[in-house]
Amino acid sequence: MASSAKSFLADAGYGEQELDANSALMELDKGLRSGKLGEQCEAVVRFPRLFQKYPFPILINSAFLKLADVFRVGNNFLRLCVLKVTQQSEKHLEKILNVDEFVKRVFSVIHSNDPVARAITLRMLGSMASIIPERKNAHHSIRQSLDSHDNVEVEAAIFAAANFSAQSKDFAVGICNKISEMIQGLATPVDLKLKLIPILQHMHHDASLASSSRQLLQQLVTSYPSTKMVIVTLHTFTLLAASSLVDIPKQIQLLLQYLKNDPRKAVKRLAIQDLKLLANKTPHTWSRENIQALCESALHTPYDSLKMGMLSVLSTLSGTIAIKQYFSSAPGTATTTARSFDLVKLAQECCYHTNRGIAAHGVRILTNISASCQDKDLLPLEQDAVFGLEALLVLCSQDDSPGAQATLKITLTCMVKLVKCRPHLSQSVVESLLTQLQSAQDNARILMCHCLAAIAMQLPVLADGILGDLMDLYKLIGQSATDKKQELLVSLATVIFVSSQKALSTEIKTVIKQQLENASNGWTAYRIARQASRMGNHDMARELYQSLLTQVASEHFYFWLNSLKEFSHAEQCLTGLQEDNYSSALSCIAEALKSYHKGIASLTAASTPLNPLSFQCGFVKLRIDLLQAFSQLICTCNSLKTSPPPAIATTIAMTSGNDLQRCGRISNQMKHSMEEFRNLATRYGDLYQSSFDADSATLRNVELQQQSCLLISHAIEALILDPESASFQEYSSNGTAHVESEYERRMMSVFNHVLEEVESLNRKYAPVSYLHTACLCNAVIALLKVPLSFQRYFFQKLQSTSIKLALSPSPRNPAEPIAVQNNQQLALKVEGVVQHGSKPGLFRKIQSVCLNVSSVLQSKSGQDYKIPIDNMTNEMEQRVEPHNDYFSTQFLLNFVILGTHNITVESSVIDSNGIVWKTGPKTTIFVKSLEDPYSQQVRLQQQQGQPPSQQQQQRTAYSRF
């Protein structure tokens, strides 16, 4: 179990001893100076790891200068090692500060008599093209080396030419004629021509250059009809068109022409591959005629491999805007029915093809057409899609080969998509899945369980009647302990939890626990418990966490499991709530809070510096505060009975002009309660904003908690505090909104029910009556009766993003302030690095980083004279876009007041949708503002009663200007 703990505990860093940046660099420098070649090479190849660990310019600059020295004086093998390091660390190259010095040391080797040394240097220059795109000496060396008689050097020059062409317009324009001469020249061998042609894909810097390159490629394609030549030229043609954009429609026509007319299979395959590339990149440029031509080619080809390729292009297009263009009625074809379209004919013909891959693409096309086109003519295709999917399901679920599994994944994905868009088809799809589940192979069963769970999360299609079949299958699987069986136990348990989300019967719990005791390891039990927590089956989860407590290796894991057990127990206490029984509700909430407090103590003990569990702690603390607020609200409502308004309440209300005073002390308590719920909603919003790496389901869960707080605060306002101005328009729910989970569905139905109740009571009776308090208490109970769902991000982080900031100037000792004269400005440079986990950008990507700098005066020194408020503080904000995960910017700060100032730099990120996420970090430095020497001298003289000297008077006059 400990080995699998990576899912929620972060990696503990590298195995070797931690060193600071300077020590690590000195350690590698010692290796570079060694007399042994092996040690030198070892030191060189360890540099990328150093860059990864300390990705700031000051270290990277020093390191690259040392590597350039090794490149200058070392042998060819060392040079090759430095080249590989440079290529691996390409994104750090722009952090080199002394670019001239670095290039000078590397470039000196270009004058060597050894062609291999020159070749390595050319490759090195090519790898650095992003930072030296306009260096004329590098351009000249590449042009010269293209005429070399040494093949190794020429190939290196071609590599460098391609890289420089991509970066520099001047170089591309200058080299284009040279490349075309070499390609067309009779003296150039064919294999060299094949290497030269791909350089032309970078000639897209302006329209005329792109046009001349296209003309050259057009000549080549006709002049050199050999297979290799046509393949390389056509592919370069496609890449050039994809970059220059304007020629894409022409390129699609050209590729379709080759696909139709060229008899060579290799050329046809290349044409299909390039069409797929253009279908992914620019589906909107495909006309109806293009798709029609591709359909005709697919219908007439006798080769399955080519048919599969063409269908792959069509299935890509069918999921985009291109499919709507295809089905939009062209002039004169208004009467065509859906089934007469060639694309539909092709898909229907392929659905039952003997080749699984072809059949999969066929059903995917039908599914995409059914999902995206709502016309009545296309409705019969739904049934065709369902029949095709069922046939493929039967075929692939019996086969254990990797190909069958890949096809099955496509089939099941299509099923989920079809059911999402066409809910009325869900029953037949689910029935076919359940039927096949009994006889399928284990690998297929796992995938089918995932599919069933995905469908059931969106629509409540799994009836209680099927639980018996699922339980029988569960008993059957639990008899063996292979890895696949363990995986299947988890998948099947998930389906059982989804299908019986109201409550698990004792029998089901017993069967699940028995099977886990018989044939499973602790990790399987933990995963099943985790799924139970996600689905709201907290009693089952609590028992499983309890059984795992003694099976873990470290105390952090023990405390983590113990906290989960307590949280599950707390949520289990809330399932006993009943409407109109408020005293038992208070005791249930008190019992839940007791467990939650135990759990949060355990959760705090489970956190480590590397994995602080900040989201989990934040989420649970908010849950505790929410339960306390609910409990307080019920007590406040009860206080109407225990402490009714006094007899003189009406007189007090009339005297004060506040009608609410009629209700006595409950009105003030309700006001406090409403403010508390609003405050909780704000805190849930802050938790949402700080969870940049969370999956959408977790964020939706946090949003629902926030909405429940806003709902209660709105109900208090509408019923008691301000019934006249309460509006229900903004709170009316959108019934057509797509619901992603059972938990969300139940929460939304509670929200709607509470709003209806509040609206029906609003303005009917004067506040505060027992009807009003009963409505609020029932709203609280209804919200708490929906079992809380602990979503994925609570247990595992699939995406990890963090920002590391470096400020300069920075003090040697963090507590020591930086000295600045009060008549000068401090230039604060902020540099940062974005660090990612194993799956960067899985849920959202960073578009830009927002840096906020503020300064606060901590302690004053010197005279206490008045200064404009503008000079008291600094508040600045800048947005910077990271390039290769690095960003830097500068701020100018004023410190006119003498004393110690506290500067805080806080970063937040903006994703590609423009949403701001408060990810941190926050860095603080201290600045001591000192009086400038001249002002100090004048002040001292004034204190001693001496008039300033003539020279000094002159100086003050000048200093004004």
Side-chain angles (χ1 to χ4, degrees), residues 8 563 567 593 596-597 599-600 603-604 607 611-630 632-633 672-714 716-717 730-731 743-744 747 751 783 788-795 797-803 805 832 834 843-854 856 875 877 879 904-924:
F8 87 99
S563 67
F567 300 151
L593 280 168
Y596 258 121
H597 282 298
I600 192 76
L603 186 65
T604 311
S607 62
N611 190 34
L613 301 176
S614 47
F615 173 80
Q616 290 85 337
C617 290
F619 186 77
V620 171
K621 279 174 187 166
L622 277 167
R623 182 68 175 168
I624 291 171
D625 291 350
L626 182 60
L627 289 175
Q628 280 172 337
F630 280 153
Q632 187 60 46
L633 180 59
H672 288 312
S673 200
M674 186 182 81
E675 282 167 8
E676 191 166 347
F677 279 107
R678 285 196 173 155
N679 180 33
L680 277 169
T682 309
R683 284 171 60 198
Y684 269 116
D686 293 341
L687 181 68
Y688 185 102
Q689 275 198 309
S690 64
S691 309
F692 178 77
D693 292 318
D695 55 291
S696 55
T698 304
L699 291 176
R700 182 66 186 131
N701 193 354
V702 174
E703 211 172 12
L704 287 168
Q705 303 305 313
Q706 185 187 25
Q707 284 172 0
S708 63
C709 296
L710 290 170
L711 175 78
I712 296 292
S713 74
H714 171 69
I716 295 170
E717 186 179 30
E730 58 187 299
Y731 289 94
Y743 176 69
E744 186 179 349
M747 285 296 273
F751 291 171
L783 285 168
L788 181 69
S789 168
F790 289 97
Q791 287 292 342
R792 184 193 288 278
Y793 192 60
F794 196 86
F795 299 98
K797 235 180 182 181
L798 292 185
Q799 172 184 313
S800 173
T801 314
S802 62
I803 291 176
L805 293 180
V834 182
F843 301 120
R844 52 200 70 82
K845 291 177 183 163
I846 293 178
Q847 183 73 34
S848 57
V849 176
C850 181
L851 293 165
N852 190 290
V853 173
S854 59
V856 179
E875 277 283 346
E877 188 176 278
R879 289 188 177 188
T904 305
V905 180
E906 189 174 6
S907 66
S908 49
V909 303
I910 296 148
D911 68 10
S912 41
N913 296 325
I915 300 168
V916 179
W917 300 83
K918 292 190 168 67
T919 53
K922 195 185 271 190
T923 311
T924 306

Set out, in order, the CA-CA distance, both residues' side-chain angles and the distance that settles side-chain contact (heavy atoms from CB on, under 4.5 Å) for Cys850 and Val916, then state yes or no. CA-CA 9 Å; Cys850 181; Val916 179; 5.7 Å; no

Using modelled atom types and a 3.5 Å cut-off, is there a donor and acceptor pairing between side-chain atoms of Ser907 and backbone atoms of Gly920? yes

Straight-line distance of Cys709 SG to Glu676 CD, nearest 0.5 Å: 9.5 Å

Within a strict 4.5 Å, meaning less than it, do heavy atoms of the Leu633 and Ile712 side chains meet? yes

Just by modelled atom types, is the Ser696 backbone N or O under 3.5 Å from a matching donor or acceptor in the Arg792 side chain? no

When you look at Met747 and Leu783, which way does the side-chain contact (heavy atoms from CB on, under 4.5 Å) test go after all the steps? CA-CA 7 Å; Met747 285 296 273; Leu783 285 168; 4.2 Å; yes

Could you tell me whether the side chains of Ser800 and Asp693 share a donor-acceptor contact shorter than 3.5 Å? no

Distance in Å, Leu687 CG paired with Leu699 CG, rounded so as to fall on 0.5 Å steps: 9.0 Å

Please test Asn701 against Tyr793 for side-chain contact (heavy atoms from CB on, under 4.5 Å), starting from the C-alpha separation and ending with a verdict. CA-CA 11 Å; Asn701 193 354; Tyr793 192 60; over 6 Å; no

Decide yes or no for Leu788 and Phe619: does some side-chain heavy atom of the first lie under 4.5 Å from some side-chain heavy atom of the second? yes

Would you find a donor on one side and an acceptor on the other, under 3.5 Å apart, between the side chain of Glu875 and the backbone of Ser854? no

Could you report the tightest heavy-atom contact between Thr801 and Gln799, atom names first, then the distance? OG1-NE2, 3.5 Å

Determine whether a donor-acceptor pair (N or O, by modelled atom type, separation under 3.5 Å) exists between the side chain of Asn913 and the backbone of Ile915. no

So, do Glu675 and Asn679 sit near enough that their side-chain heavy atoms are less than 4.5 Å apart? no

Could you check whether any side-chain N or O of Asn852 sits under 3.5 Å from a backbone N or O of Glu906, counting only pairs where one atom can act as donor and the other as acceptor? no

To the nearest 0.5 angstrom, please state how far the CG atom of Asp911 sits from the OG atom of Ser848. 9.0 Å

Rounded distance [0.5 Å steps], CD in Gln705 versus CG in Leu626: 6.5 Å

Any side-chain heavy atom of Gln616 sitting closer than 4.5 Å to one from Leu603? yes

Does any non-hydrogen side-chain atom of Asp686 lie less than 4.5 Å from one of Lys918? no

Between the CH2 atom in Trp917 and the OG atom in Ser908, the distance rounded to the nearest 0.5 Å is 12.5 Å

As a quick check of understanding, evaluate side-chain contact (heavy atoms from CB on, under 4.5 Å) for Val620 and Tyr596, giving each step before the final call. CA-CA 8 Å; Val620 171; Tyr596 258 121; 3.8 Å; yes

Counting C-beta onward and ignoring hydrogens, is there a side-chain heavy-atom pair between His714 and Phe677 closer than 4.5 Å? no

Look up atom CG in Leu704 and atom OG in Ser789, then write down how far apart they are to the nearest 0.5 Å. 9.5 Å

Non-hydrogen side-chain atoms of Pro921 and Ile803 separated by less than 4.5 Å: yes

Do Glu703 and Arg700 meet the salt-bridge criterion of a basic N to acidic O distance under 4.0 Å? yes

In the structure I gave you, are the side-chain heavy atoms of Val905 and Leu805 within less than 4.5 Å of one another anywhere? yes

